[in-house]
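Contents: one structure, followed by commentary.
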Amino acid sequence: MTTYTIATIEGDGIGPEISSVSLRVLDALRSRFDLKFEFRPAPAGDGCKTRTGEALPPSSLSTIKDSDACLKAPVGDTAAETIVKLRQMLNLYANIRPSKSLPHVPSLRPDIDFVIVRENTECLYRGMEFEFEGGVVALRTITRKASERIAKYAFELAEQRNGPRKVLAVHKSNVLRKSDGLFSQVCREVSLNHTTIGFSEMLVDAAAMNLIRMPETFDVIVTTNMYGDILSDEAAQLVGGLGVAPSANIGESSAIFEPVHGAAPDIAGKGLANPVAMLLTCAMMLEWLSKTRGDAACAGGASAIRSAVNLTLEGGLKTQDLGGASSTSEFGAAVVRHLQG
Ligand code: ATP
């Protein structure tokens, strides 16, 4: 039996509720797939800062670095001190945000299945803002190195997918001629090394419109940090909203998996949180472990989680955000039953 060490950030708000469901679901894979997980708590976030004075204590960082993967629930106001810092420290350059229609979940169309590959390290998110008399200037960085790395990731992902196998580079090179011009040029260059994958480009405003007009036509979208941030929230809404949107932050040797949504303090502690985003995040983590460790059991576990979530939704269980009345733990228990049965 293979054992994987998973650093777990329980998070704030609804974090503990969805974390406990996800750990129970991962544990349920043990007997069926010969897979064992050793969960290593890595306290981080608002609650941790109140208790210890630090949102990301060095001991938690070591736990994350020493584990096979990190499963993170959302944190509250300390996101900049935790996940933004972790992305930089561990050089998690690719933010992967899939959007796929789920059974019995309100979706703009039933056949949506695309992934946004968002560059995670530069653009406007380095926080370089400078005041001058009468205003503020914000610096936006686009480098050849980061653009090439993210474009390669997108093409390699398109090669592994069962879809139409095409990559769309999204930018605004008609206005930002130098910065987005470089991103566009590098994507074109990388496309020449992946001739079995279709390649096209779209301006970000047109992409925002077409995601609503014809979302079923997209496969892999590669874009810079801020456009990816904005488009992926739009994309989540197309297939049921934040409660069902998973994501991954991938680096050369480490990765952190987290739902797209925040700590949702408005519904915390009430059993109202939808655990689907966190469970699909677990599936992404297992797919990454399968790919990087060459372990078919992890791939099997990932697809079992996806099937169990679908079966639970098909059975009529839904949390309030999707128009249902199930609690977080009822939904989680049904997923575990499907995994065991
Ligand atoms: P952040 O800035 O940290 O992303 P936010 O306040 O913008 O946080 P969320 O915390 O994600 O956003 O919450 C936005 C809305 O979506 C809230 O009304 C929240 O209740 C709802 N929401 C978010 N996640 C879930 C979930 N898993 N289940 C049900 N509702 C959710």
Side-chain angles (χ1 to χ4, degrees), residues 8-25 44-50 55-56 71-87 95-100 102 104-107 116 118 120 124-125 127 225-249 256-285 305-306 309 312-313 317-335:
T8 54
I9 299 178
E10 197 181 45
D12 303 307
I14 59 171
E17 293 164 76
I18 56 172
S19 282
S20 86
V21 167
S22 65
L23 302 197
R24 279 204 300 277
V25 164
D46 297 6
C48 177
K49 189 170 182 176
T50 308
L56 183 62
L71 183 62
K72 177 189 161 292
V75 299
D77 295 336
T78 49
E81 297 161 68
T82 52
I83 187 61
V84 176
K85 217 165 151 186
L86 281 166
R87 283 174 183 157
N95 189 212
I96 312 303
R97 295 185 167 194
S99 281
K100 191 169 167 31
L102 292 163
H104 295 265
V105 172
S107 182
I116 295 182
R118 164 189 170 195
N120 219 10
L124 276 169
Y125 288 41
N225 205 341
M226 190 171 69
Y227 304 147
D229 191 6
I230 297 168
L231 292 180
S232 57
D233 270 26
E234 181 188 354
Q237 203 52 47
L238 296 175
V239 294
L242 286 172
V244 298
S247 84
N249 299 280
I256 296 183
F257 299 84
E258 57 175 350
V260 169
H261 61 76
D266 53 330
I267 56 166
K270 298 177 181 165
L272 296 175
N274 187 346
V276 169
M278 191 72 175
L279 293 175
L280 297 180
T281 295
C282 292
M284 288 183 83
M285 179 179 79
I305 290 179
R306 291 186 188 283
V309 167
T312 305
L313 291 166
L317 258 66
K318 273 190 236 179
T319 45
Q320 207 178 62
D321 57 312
L322 300 179
S326 306
S327 71
T328 312
S329 56
E330 278 164 3
F331 192 95
V335 172

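Computed from a predicted structure; not experimentally measured. Atoms within a ligand are numbered from 1 in the order they appear, just like the ligands themselves.
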Handout entry: 4.5 Å side-chain heavy-atom contact, D233 and V260
Key = yes
Problem - Structural part of D266 in contact with ligand 1, heavy atom criterion under 4.0 angstrom - result: side chain
Exercise for the section: Classify the contact between A263 and ligand 1 as side chain, backbone, both or neither, using a heavy-atom distance cut-off of under 4.0 Å. Expected result: backbone
Check whether any protein heavy atom sits under 4.0 Å from [atom].
| atom | value |
| --- | --- |
| atom 7 (O) of ligand 1 | no |
| atom 17 (C) of ligand 1 | yes |
| atom 20 (O) of ligand 1 | yes |

Exercise for the section: Could you tell me whether some N/O pair between G262 and ligand 1 is separated by less than 3.5 angstrom? Expected result: yes
Practice task
Measure from atom 31 (C) of ligand 1 to every heavy atom in D321, I267, N274 and give the option owning the shortest one.
Solution key: I267
Report, in ascending order of atom number, the atoms of ligand 1 lying under 4.0 Å from any heavy atom of [X].
| X | result |
| --- | --- |
| A264 | 10 (O), 19 (C), 20 (O), 23 (C) |
| H261 | 11 (O), 23 (C), 24 (N), 27 (N) |
| I14 | 26 (C), 27 (N) |

Exercise for the section: Can you spot which of N95, I256, I96 makes a side chain to side chain contact (heavy atoms under 4.5 Å, CB included) with S247? Expected result: N95
